[in-house]
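Quick one: structure below, then a few questions.
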2 protein chains.
Amino acid sequence: MDEPGAEWGTAEGRAMIRLLWDPPTPPARGPRQRLTLDQVVTGAIEVAAAHGVDELSMRKVAQHLGVGAMSLYTYVPGKDELFELMIDRAWAGRAVPDRSLPWRAQVEFHAREAWAMYRANPWLIHSNLWRMPMGPHVLDAQEDLYRAVLLTGLPEGTVGRIAGLVESHVFGAARSAVTDTSMSARTGVTPDDYWESRSSFWGTYYSLERFPAMTRIWQNGGFDEEFTDDAWEFGLQLLLDGVERLVTAPDATAPPPDGTADDTARPGDGTAPTRADGDPPAGSGA
Amino acid sequence: MDEPGAEWGTAEGRAMIRLLWDPPTPPARGPRQRLTLDQVVTGAIEVAAAHGVDELSMRKVAQHLGVGAMSLYTYVPGKDELFELMIDRAWAGRAVPDRSLPWRAQVEFHAREAWAMYRANPWLIHSNLWRMPMGPHVLDAQEDLYRAVLLTGLPEGTVGRIAGLVESHVFGAARSAVTDTSMSARTGVTPDDYWESRSSFWGTYYSLERFPAMTRIWQNGGFDEEFTDDAWEFGLQLLLDGVERLVTAPDATAPPPDGTADDTARPGDGTAPTRADGDPPAGSGA
DNA sequence: AGCGGATACAGTACACCGTACGGAGAGAAT
DNA sequence: ATTCTCTCCGTACGGTGTACTGTATCCGCT
């Protein structure tokens, strides 16, 4: 369960890419397949949505689909690959922003779509264990974000970083919110157990002298709406304000990383990729 | 392995808190313990550091320590609790900033300490599966960050959000960097396999018309130093620039969440906590 | 029509996981 | 010396991902 078809150069990596981009049509030689790859992915997502990602196992998915456990392996090389397909499927449902909008509105649109996606598919927050799969839907969404940020006119290196920043922020906020709601939903505690917990920890170990800052923030309600559904927008706006400042005042504190001097002059767009030392990571892990 | 002693009100939660804050002195009734709790935690960290967090199992830790697997359970209630102790241990080694410095320098110091911690303990990035443990070292570091951000004079609600933002950003950047380096280190590929991978994916499915923005960024080197050791500082500076703007111009775009009107006037600091509907989450999940 | 062969399905099995249980032995308190 | 508590750990149980193998199925060919 660790970093599956991550190396795109390996045979497994290429098989994964092929699975993501053109799933094989079932060959017409043996007995007909009882399921489709889409059904398997859908079933896995249903299991993860219903019982949580911890309960996601090949046996449970197979049982949910009414087949034997090993039958899944005719559709999918393994659990990791199945999970990558699930991730790409989740990214498939995202709307595209109106491209006539200014860059900021488009980025906000992208961020809100991502937020909605994470809230609708909480099991997605486990995808950080993997590198983002190079699936078509993931890449389409990323492309939309990159295009929006490119509209700022900032140097390409800065654009890449800003896109990663936005992606990472939404992911982090969603992670906090999801673990928070899932935990308070798992057991219907709040009123009484909180009191008991206070007598256990807050009364025993928590010291006002040791933690004055946290105490002050807490007393003034600073932790109250930290995980409400729109609290993350604060961070997004702060981020985008910073970007806007970068656009209008290019001599800001944050230095443009590449823009000025580099090894060789690179050609503009339109030409085929010719660089030798790397490939676009695209998912950028967030 | 899901959300261990998360509810502070439960018996397990209280046991976890006690384990974190004052580990029990070994009772002098039966045979003497062969190990100490510290040794167990250290051994677990060594296993995770040497073989990766995926290889971290109770049997492996026990074998590393030269004891039977079940013996660990006399020191620790389970694997989840052991992992929480590992996390708190990792946070223990952090330096405190010079409190005479301005808030921005202190926040930067905190962020760089966090970055170094994540780089030194890559297994920490899996801690997002849990809520941050309420350990003393975690809380001490959080307190330092909160105090630094409080120096801005911003309303408490904003302070909490900014602290979470900084924490989340460092975590996200470290996650990207760690998965990146661990993946390229796991197999000594780069030159040839990259070429083959390009012929597999970049030549077959990647279309310049479908992904013009990513192509442009890639061609101009925008993805090159995305995961180098100081690329994350760009995001930090962008963030702190936004905070600074919030300090100097309180009518910025991002609205202060609480500061102005609320249910009741809260007392200042110095008094005991008297709120009834919650407790400081402190870790805030990042 | 009949057959050969490729293929889907699934049963069994293996290694590994976290950990519940219970027994054996150690060592302090009585 | 006895008793009682506690550590250590062997065994075992239910779970996981999946390799292997056998069997039933169905298409394409002759």
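Values below: all heavy atoms of this structure, side chains included; hydrogens, waters and symmetry mates excluded. Each chain gets a letter, A, B and so on, in the order the sequences are listed, and its residues count up from 1.
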- request: Measure from CZ on A:Arg34 to P on D:dA24 and round the result to the nearest Å.
  value: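 So the two atoms are 14 Å apart, to the nearest Å.
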
query: What is the distance from CE of B:Met58 to C1' of D:dG15, rounded to the nearest Å?
result: 17 Å

- prompt: Using a cut-off of 4.0 Å on non-hydrogen atoms, how would the nucleic acid contact of A:Leu56 be classed: base, sugar-phosphate, or nothing?
  reply: sugar-phosphate

- request: Let me know the distance between NZ of A:Lys79 and P of D:dA19, rounded to the nearest Å.
  value: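 Distance, rounded to whole Å: 15 Å.
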
- prompt: CE of A:Met70 versus P of D:dT18: gap in Å, rounded?
  reply: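 For the pair A:Met70 CE and D:dT18 P, the rounded distance is 9 Å.
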
- request: Compute whether any side-chain donor of one residue and acceptor of the other, for A:Arg34 and A:Ser71, lie under 3.5 angstrom apart.
  value: no

task: Considering just the side-chain nitrogens and oxygens of B:Lys60, establish if one lies under 4.0 Å of OP1 or OP2 belonging to C:dC16.
output: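 No, because none of the side-chain N or O atoms of B:Lys60 sits under 4.0 Å from OP1 or OP2 of C:dC16.
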
query: Reckon B:Ser57 touches a base, only the sugar-phosphate, or nothing at all at heavy-atom distances under 4.0 Å?
result: sugar-phosphate

message: Looking at B:Arg94 and B:Asp144, is any side-chain nitrogen of the basic one under 4.0 Å from a carboxylate oxygen of the acidic one?
response: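 Salt bridge: no.
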
query: Over how many whole Å does the gap from B:Arg32 atom CZ to D:dT5 atom P extend?
result: 20 Å

- request: Round to the nearest Å and state the distance from B:Tyr73 atom OH to C:dG18 atom C1'.
  value: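 Rounded to the whole Å, the gap is 5 Å.
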
message: Heavy atoms from C-beta onward define the side chain here; which of D:dC8, D:dG17, D:dC9 lies closest to that of B:Thr74?
response: D:dC8

task: Return the nearest nucleotide to the side chain of A:Pro31; candidates are C:dA10, D:dC9, C:dT7.
output: C:dT7

field: Closest-nucleotide ordering on DNA chain D, the 5'-leading residue of A:Arg29 and A:Ala69
entry: A:Ala69

message: Distance check needed: C:dG18 C1' versus B:Asp54 CG, whole Å only.
response: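 Between C1' of C:dG18 and CG of B:Asp54: 16 Å.
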
field: Side-chain heavy atoms of B:Val41 within contact of B:Val76, under 4.5 Å
entry: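 Side chain of B:Val41 against side chain of B:Val76, heavy atoms only: no contact under 4.5 Å found.
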
- prompt: Base, sugar-phosphate, or nothing for B:Gly30, non-hydrogen atoms under 4.0 angstrom?
  reply: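 The answer is base, as B:Gly30 lies within the cut-off (heavy atoms under 4.0 Å) of a base atom.
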
message: Strictly below 4.0 Å, N to O, side chains only: are B:Arg210 and A:Glu143 in salt-bridge contact?
response: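 Salt bridge flag = no for A:Glu143 with B:Arg210.
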
message: If we count only N and O atoms by modelled type, under 3.5 Å, do the side chains of B:Arg18 and A:Thr204 hold a donor and an acceptor together?
response: no

query: What's the CD-P distance between A:Gln63 and C:dC9, to the nearest Å?
result: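 Interatomic distance, CD of A:Gln63 to P of C:dC9: 17 Å.
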
